[in-house]
Amino acid sequence: MGVSPWLRRLAWATLVANILLIVTGGAVRLTGSGLGCPTWPRCTDSSFTPHGTIGPHQLVEFGNRTLTFVLVAIAVATFVAARQDARQLGRPDLLRLSVVLAFAIPAQAVLGGITVLTDLNPWVVSLHLVISLVIVSIAVLFLHRLDHPPSPPATGVVSALAWSTYGVTWLVLYAGTVVTGSGPHAGDASSPRNGLDPLDVSQFHADLVFLLIGLTVGMWFALRATGGDTRPVTALAAVEVLQAIVGFVQYFAGLPVGVVMLHMLGAGLVVAAATWVLVAQLDREKWSRRAGSASGYASRT
């Protein structure tokens, strides 16, 4: 007996909706709508919704805030479904992960409010995006756990390579937020930048990207040599190459809004693919050890 179809659908909805939030958050910044609602939790001093003369900046910012309520609804439904399945299947880990995802949404909303109250401080904005990426990573883990109950952490050279790839992925993503904080898309004309040289931080970001691609290629060959499933790593490599192409295009084209939004979508897909690689590899090594033990026992009997 497996998890219910409803829980599986809600798990996918959680992943897709949180990636969508990254894109809509990017639209807020890229259209200069970051202070379309100049305060928080209200949109204005007197109203939770745009009031008076409503322009495109107010609509974009308020639309992004409204998406939070959709995420909350999905999170609550996921918690209810996970609670039911956890009881029937004896899987409290599913309930725990659903609780983490549920509490992450309001926490992210509060951090979004802090970005507004600090007039879009670039370091706070960076953290705001990082938290969204963390939620995406947890959502991928939740999807994986639907069919793979937790077990003790695996060890081995290939799993260490998987951890390294996952860790460098986060370095790449955070460096990308620092590049953004040094560039022209502040989210509002009066918002500050982080003061770093865009060329220097872009070069550092690109160097990390090359390192990540190298690790991914190395892991692909390691899995081929050990008979592992290369599909997750192939997916990660494909997303990395496409993301790198988009990154170079946006840089040399002068950061057009549409291309930058595509790059933000790519960031969500990169962390999702890197998480898939990690969880699949760790479970693969556990399975390999169990299979090896069983075959060894069979040969002795």
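The two atoms that bring L146 and A11 nearest to each other are CD1-CB, 3.9 Å, heavy atoms only. Looking at every heavy atom in both residues, L215 comes nearest to S164 through CD1-O, 4.0 Å. Residue C43 comes nearest to G36 through the heavy atom pair SG-O, 4.5 Å, listed as atom of the first residue, atom of the second, then distance. Pairing each heavy atom of D229 with each of L223, the nearest pair is O-CD1, 3.6 Å. Heavy atoms only, all atoms of each residue included: L95 and A86 are closest at CB-CB, 4.1 Å. Across all non-hydrogen atoms, the minimal contact from V136 to G268 is CG1-O, 3.8 Å.
More than 12 heavy atoms of other residues, nucleotides or ligands shown are found within 6.0 angstrom of CZ on R193.
The line from CD1 of I131 to CD1 of I105 is 11.0 Å long, rounded to the nearest 0.5 Å. To the nearest 0.5 angstrom, S159 atom OG is 9.0 Å from L278 atom CG. Going from atom CG of L15 over to atom CZ of F142 covers 11.5 Å, rounded to the nearest 0.5 Å. Distance check: L129 CG to R29 CZ gives 8.0 Å after rounding to the nearest 0.5 Å. Of the inter-residue distances, the one linking L171 atom CG with H205 atom NE2 reads 11.5 Å to the nearest 0.5 angstrom. Here the straight-line distance linking atom CG of L111 with atom CH2 of W40 works out to 9.5 Å at 0.5 Å rounding.
In this structure, the side chain of D85 engages the main chain of S4 through a donor-acceptor pair within 3.5 Å. Between the side chain of H185 and the main chain of T180, no donor-acceptor pair closer than 3.5 Å is present. A distance-only check finds a donor-acceptor pair linking the side chain of N194 to the backbone of V178 [under 3.5 Å].
Under the salt bridge (Lys or Arg N to Asp or Glu O under 4.0 Å) criterion, D197 pairs with no residue at all, not counting sequence neighbours.
Sequence neighbours left out, not one pair with a member in residues 244-262 passes side chain to side chain donor-acceptor pair (under 3.5 Å).
For the pair R9 and W6, the distance from NZ or CZ to the six-membered ring centre is under 6.0 Å and the angle to the ring normal is within 45 degrees.
A salt bridge links D147 with R8; the closest basic N to acidic carboxylate O contact falls under 4.0 Å.
A perpendicular orientation is assigned to the rings of W163 and Y166, their planes being inclined by more than 60° (bins at 30° and 60°).
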For residues 253-261, which side-chain donor-acceptor pairs fall under 3.5 Å, sequence neighbours excluded?
none

Just distance, no hydrogens or angles: give the donor-acceptor pairs under 3.5 Å from side chains in residues 65-80, sequence neighbours left out.
unit_1: R65; atom_1: NE; unit_2: E61; atom_2: OE2; d: 2.9
unit_1: R65; atom_1: NH1; unit_2: T39; atom_2: O; d: 3.2
unit_1: R65; atom_1: NH1; unit_2: R42; atom_2: O; d: 3.2
unit_1: R65; atom_1: NH2; unit_2: C37; atom_2: O; d: 3.3
unit_1: R65; atom_1: NH2; unit_2: T39; atom_2: O; d: 2.8
unit_1: R65; atom_1: NH2; unit_2: E61; atom_2: OE2; d: 3.4
unit_1: T66; atom_1: OG1; unit_2: F62; atom_2: O; d: 2.8
unit_1: T68; atom_1: OG1; unit_2: R65; atom_2: O; d: 3.3
unit_1: T78; atom_1: OG1; unit_2: I74; atom_2: O; d: 2.7

Got a list of side-chain donor-acceptor pairs under 3.5 Å for residues 235-243, not counting sequence neighbours?
unit_1: E240; atom_1: OE1; unit_2: T216; atom_2: OG1; d: 3.1
unit_1: E240; atom_1: OE2; unit_2: T216; atom_2: OG1; d: 2.8
unit_1: Q243; atom_1: OE1; unit_2: H263; atom_2: ND1; d: 3.1
unit_1: Q243; atom_1: NE2; unit_2: H263; atom_2: O; d: 2.8
unit_1: Q243; atom_1: NE2; unit_2: H263; atom_2: ND1; d: 3.4

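Residues Q281 and P232 are not in side-chain contact: their nearest non-hydrogen atoms beyond the backbone lie 4.5 Å or more apart.
Cluster partners of L35, by chain and number: V116, L120, V125. The rule joins Ile, Leu, Val, Met, Phe, Trp and Tyr whenever side-chain heavy atoms lie under 4.5 Å apart.
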